[in-house]
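Lettering of chains follows the sequences in order, A, B, ..., and the numbering in each one begins at 1.
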Protein chains: 2
Amino acid sequence: MYADTIMKKTYSEENYLKAIYHIDQNGLKVSPKAIAAALDNNPASVIDMIKKLQEKLLISYDKVKGAKLTASGQASALDIIRKHRLWEVFLVEKLGYDWDEVHDIAEQLEHIQDDRLAAKLDAFLGNPSFDPHGDPIPAENGKMPVYANIRLSDLEVGNKGKVGSVRDTSTPFLKYLKQLQLGLGSSIEVLDKLEFDQSMIISINSGPAQTVSSKMTSNILLIPG
Amino acid sequence: MYADTIMKKTYSEENYLKAIYHIDQNGLKVSPKAIAAALDNNPASVIDMIKKLQEKLLISYDKVKGAKLTASGQASALDIIRKHRLWEVFLVEKLGYDWDEVHDIAEQLEHIQDDRLAAKLDAFLGNPSFDPHGDPIPAENGKMPVYANIRLSDLEVGNKGKVGSVRDTSTPFLKYLKQLQLGLGSSIEVLDKLEFDQSMIISINSGPAQTVSSKMTSNILLIPG
DNA sequence: TTTATTAATTAGGTTAATCTAATTATATAT
DNA sequence: ATATATAATTAGATTAACCTAATTAATAAA
Ligand SMILES: [Mn+2]
Ligand SMILES: [Mn+2]
Ligand SMILES: [Mn+2]
Ligand SMILES: [Mn+2]
């Protein structure tokens, strides 16, 4: 067995790599606690897996810096994310699911193993750049399509933007957006921002003023202008 | 917890149910040995799982009669087989795989859990009745499309038939068929049959005479005439 | 700087699904 | 009917991925 042998990864290992990638992407320290929260399991379990992933040279870890994906760990993570997002496109575009229904199914589909599957799916879908939530789909080589996004929560009063993606893909959140009639491409204008709790009064597609919480606004990413 | 509660099945339980269904379908006794052979594992492991499936009321078992699916066990098995075959159609028709490449991928995809997935996939594919190997796709209610098939090995000398399905979907077998330029719909005429080892001399699509083994001819199912 | 709080880690289990090596039961052949 | 072979079953381990309950280390508050 050689160091650079591509070892088949388990379901669980793949989910850890993806979680580590996402926590890091959010600029947070990749601690056992953070990983456990992301995977809804126990920090003690995470420590076990950290040791395994270190041995497989997929991550490095030290207590103070947290976990870091190695080059091969990152390649794996991006491959899984790529498959996740491609399958989400398939479920919405081809099977007619709503964007708030596909996450859990893609969470399973992302683990299907076949060398040519992602490429064939990608071609079949017309090489999409973004998934149904506006998240960029990594290319086969791991390159991400660039997409300038700023948080709605960071937009100044009086400014406008178009919804480019959402940072929370949970069903409750997406149902809430549906109820607000807010989707990808919706235009949003910030009418006011309350000092008190950072909630905002906004207009969606020039509609009536609506109040939304800071939790909501921090999960919406916009293309400014 | 009630007796008729639909319990989520594990990957492994689903594979056992499918194996039991197929062994029974072939008219064989569903013994621990037969199941172990089908799943490429150990009879001792099979005994453990037999106990579990009995407790879940998915099968009955006795040493002399072997394992038998209960109504709910059979419904589960047919649901998995339905998904397996629908995904095979998807892989061939939509993603452009060859029929000899899809079995292992479908073996994974059949386990994806979502209440509406099979129905949506079925609709997207145009409600196919047969998979790429000619095997019937059970309907949502478990009904199988009927399709008269006889083994090539049972065809008399001088008679003809069209290939309706194959009973072995392994890559080596399908590669061999591809090499013979034999596919679903090919017409076959039996030119001769050797008493010695039951091998046959056949003509495929009116092509040159070719000799094929009894192992081969027992795995080809034909529509006679 | 002690103290209190929170995070990381260790120790020791559990469960599902597998295994190998007996052992017991059944079937086959002499 | 006895011996031989094969199949079924039991017993006891192993591995992956979890867990809870302690313990140790690091941070934050007083
Ligand atoms: Mn997943
Ligand atoms: Mn997504
Ligand atoms: Mn399977
Ligand atoms: Mn098939």
Among dC19(D), dT20(C), dA25(C), the one nearest Asn42(B) by side-chain distance: dT20(C)
Ser12(B) vs dT18(C): side-chain N/O to OP1/OP2 distance below 4.0 Å: yes
Value in whole Å for how far the P atom of dA7(D) lies from CD1 of Ile23(B): 14 Å
Gap between atoms OH and C1', on Tyr16(A) and dA17(D) respectively (whole Å): 8 Å
Minimum heavy-atom distance Glu13(B)-Lys8(B), with the two atoms named: OE1-O, 4.3 Å
Side-chain N,O (Tyr11(B)) to OP1/OP2 (dT18(C)) below 4.0 Å: no
Polar contact flag, side-chain donor to acceptor under 3.5 angstrom, Asp114(B)-Tyr97(A): yes
Sugar-phosphate, base or nothing in reach of Tyr61(A), heavy atoms under 4.0 Å: sugar-phosphate
Distance-only donor-acceptor test, Asn41(A) side-chain atoms vs dC19(D) base atoms, 3.5 Å: no
Nucleotide dA8(C), atom C1' - distance to CD1 of Ile35(A) in whole Å: 12 Å
d(CD1, Ile47(A); P, dT9(C)) in whole Å: 4 Å
Integer-rounded Å distance: dA13(D) P and Asp48(B) CG: 15 Å
Tyr61(A) six-ring face occupied by Lys68(A) cation (under 6.0 Å, within 45°): no
Pairwise 5' ranking along DNA chain D for Val64(A) and Asp40(A), keeping only the more 5' one: Asp40(A)
Integer-rounded Å distance: dT9(C) C1' and Lys51(A) NZ: 7 Å
Aromatic ring pairing Phe124(A)/Phe90(B), orientation class (parallel under 30°, perpendicular over 60°, tilted between): perpendicular
d(NZ, Lys65(B); C1', dT26(C)) in whole Å: 18 Å
Exercise: do Glu14(B) and Gln113(B) side chains pair donor with acceptor under 3.5 Å: yes
Sugar-phosphate, base or nothing in reach of Pro32(A), heavy atoms under 4.0 Å: sugar-phosphate
Short side-chain N/O contact to dA8(C) OP1/OP2 from Lys63(A), under 4.0 Å: no
Sugar-phosphate only, base, or nothing, as touched by Ser45(B) at under 4.0 Å among non-hydrogen atoms: base
Side-chain N or O of Thr10(A) closer than 4.0 Å to phosphate OP1/OP2 of dA17(D): yes
Side chain of Ala44(A) - closest among dC19(D), dA17(C), dC18(D): dC19(D)
Atom-pair distance (CD1 on Ile50(B); C1' on dA16(C)), nearest Å: 17 Å
